[in-house]
Amino acid sequence: MLLNNPDREILTIEKGSKWLGIRVGFATNDEVIQKSSLERELQELQELLVKSDEVSLILLRTNHDGSGYFANFLRNGTCPPVPEAKTLADRELLTAIHECQRFVDQWENPMELLRTLKNQLWFIFYQIHKVETVYTTFEVLNNRGLEVSFLERLKNRLMEAAFQGNQGNSNEHIDELHGIWGNFYRTVGLREGVDSEALTFAATLRSSVSKVLSEKDAVGRLIHQVSGSVAKTIEISGWLLKVVNTLNRLYEEMRQPVIKVQHARLLAVSIMLRDFPEAEERKLLNLWEKTSYLIFGLHRKDARNEKGNFIRLTCEIQNNLDLSSDDILKKIRRLSADYNCDIDVAYDLLYMTDCYNRWEPELRYLLCRYEEHLAKERGQTFSNEQWNRIWQESPSRSIEHISPQSSDRNYDHRHWLGNLLILPPQLNSQLGDKSPESKADDYQRTGLLIAADVAETIKKDGWGQEEIESRTGDILHWISDEFDLT
């Protein structure tokens with residue numbers, strides 16, 4: 001803990017070459033603090049936190065703190081800026097440390113705060129002599145206190161089973177489980193919410209169900225599968241780690257909106273977990289991506305649609321290892337049979353339609369895919385440089401109306417597909433309500449093929465209703481080819 005008031009005199013207590021990590025500012029100009037008394041107070045508080053020997057043993061620790069932020073703060077008083085954190089847990093920890101420092105800095109009488117912490121902050125300490133009883137104690141205490149996550153409950157039960165099922169190699173088994181769970185927490189720290197989804201997905205994929213299991217049911221299913229077997233505890237822990245790593249990979253590689261629906265994500269994870277050769281997996285995921293966008297993007301179906309069909313196929317892929325990649329391709333095509341997109345369907349869905357309001361993520365995804373198509377058609381390499389900037393912002397900040405929304409010109413066509421463009425967010429905000437003619441040069445400088453094509457049309461023919469309808473038709477013909485999954 002750091003007690004510091006920058007506007008008053010600061011006293012730093014040192015022991016040898018080690019800074020004790022406690023700084024106290026005088027509370028008021030009238031108050032006189034005896035240095036010897038203050039040194040004693042600080043020394044006692046520091047020894048509560050850090051045992052001063054050759055290695056400065058930390059007596060208060062956090063679980064899974066691979067970064068060492070907490071330990072370094074207690075030992076040396078150092079705390080890096082929050083943006084340096086690489087995981088959500090580290091970010092929250094650094095944020096908390098900085099917030100505590102600001103709180104102390106604003107405290108009118110820091111000496112009073114120090115005494116309050118020393119004299120009124122209490123901890124209950126349980127000394128447990130047998131490590132295997134830790135998990136039973138944990139369960140009892142939490143039944144009487146605050147709720148803990150279902151994932152922590154599962155881990156607790158698995159560790160308890162490993163101790164109770166001692167088969168002569170208990171230490172090795174426990175070390176292996178600690179290693180697996182340490183890796184698990186490092187992965188879930190990268191993305192918010194992935195821990196609970198990994199739990200529900202892991203259990204659902206090992207079951208034959210038509211819905212994603214709840215966290216409570218997921219814990220029950222996985223514990224039932226353990227049946228007191230140490231080997232099963234290790235296997236299930238490893239399975240959870242594999243699922244969470246696969247989920248993290250899915251979020252990194254796939255864009256919204258194809259991963260916005262839970263049962264669509266589950267199907268993709270199921271495919272990836274089969275460990276097909278890279279070329280086969282890529283073919284399966286390409287078809288999965290088109291199917292997901294076709295149903296939930298182009299047809300704008302909500303998350304209730306096709307849930308049972310998606311989840312049943314998901315479980316079949318995991319539980320029937322005789323299914324080849326070709327078999328799975330056929331089954332995914334069946335999912336989209338009622339939604340196939342030929343040119344007539346494309347026109348019905350997107351011609352003379354508002355493709356902007358409440359459809360921004362789907363539009364951004366569609367125009368990104370169209371850019372890829374143009375690059376491939378012209379023998380060019382698709383560049384992610386500009387698109388990475390676009391994906392980092394909200395969809396609405398990167399969607400450009402070629403003929404501005406505020407203009408009376410082409411007013412009835414302003415939200416048509418042909419009048420919408422994707423630009424880097426900063427440029428989009430700069431162009432504002434300028435006319436198409438005044439924006440053409442800026443479009444060309446983006447390096448985006450879809451923008452360059454629009455600029456060329458503007459310079460050659462201007463930008464009116466005819467040009468908007470023509471561009472809409474071009475994109476719709478591409479959609480009918482791209483999402484014809486028969």
Quick one: closest heavy-atom pair of Tyr185 and Lys155, and the distance? OH-CD, 3.8 Å

Checking the side chain of Asn245 only, and the main-chain atoms of Thr187 only, is there a donor and an acceptor separated by less than 3.5 Å? no

Worked check of side chain to side chain donor-acceptor pair (under 3.5 Å) between Asp326 and Ser324: CA-CA 5 Å; Asp326 286 339; Ser324 67; 5.1 Å; no

I would like to know whether Arg206 and Gln318 meet side chain to side chain donor-acceptor pair (under 3.5 Å); could you show each step before the answer? CA-CA 7 Å; Arg206 296 172 72 101; Gln318 280 303 304; over 6 Å; no

Using a strict 4.0 Å threshold on nitrogen-to-oxygen distance, state whether Lys211 and Asp217 make a salt bridge. no

Which of these passes salt bridge (Lys or Arg N to Asp or Glu O under 4.0 Å) with Glu362: Arg369, Lys260, Arg300? Lys260

Greater than 12 external heavy atoms within 6.0 Å of Glu192's CD: no

First locate atom CG of Leu367, then atom OG of Ser398, and finally report the distance between them rounded to the nearest 0.5 Å. 9.5 Å

Closer than 3.5 angstrom, by distance alone: can the side chain of Arg274 be matched with the main-chain N or O of Leu321 as a donor-acceptor pair? yes

Going by atom types alone, do Glu289 and Tyr365 pair a side-chain donor with an acceptor below 3.5 Å? yes

Within a 6.0 Å radius of atom CZ on Arg255, are there more than 12 heavy atoms belonging to other residues, nucleotides or ligands? yes

Side chain Trp288, main chain Leu267, donor-acceptor under 3.5 Å: no

Glu281/Arg249 salt bridge by N-O under 4.0 Å criterion: yes

Short question: side chain of Asn320, backbone of Ile317 - any donor-acceptor pair under 3.5 Å? no

Using distance alone, with no hydrogens and no angle criterion, decide if Glu197 and Tyr251 have a side-chain donor and acceptor under 3.5 Å apart. yes

Within-4.5 Å side-chain heavy-atom neighbours: Val269 and Leu273: yes

Between the main-chain N or O of Val230 and the side-chain N or O of Thr233, is there a donor-acceptor pair closer than 3.5 Å? yes

Residue pair Trp359 / Gly297: nearest heavy atoms and the distance that separates them: NE1-O, 3.1 Å

For residues Arg153 and Asn156, is any side-chain donor paired with an opposing acceptor at under 3.5 Å? no

Looking only at non-hydrogen atoms, find the nearest pair between Leu329 and Lys283 and report the distance. CD1-CE, 3.8 Å

Salt bridge check, Arg364 against Glu371: does any charged N sit closer than 4.0 Å to a carboxylate O? no

Would the Phe296 and His263 ring centres measure less than 6.0 Å apart? yes

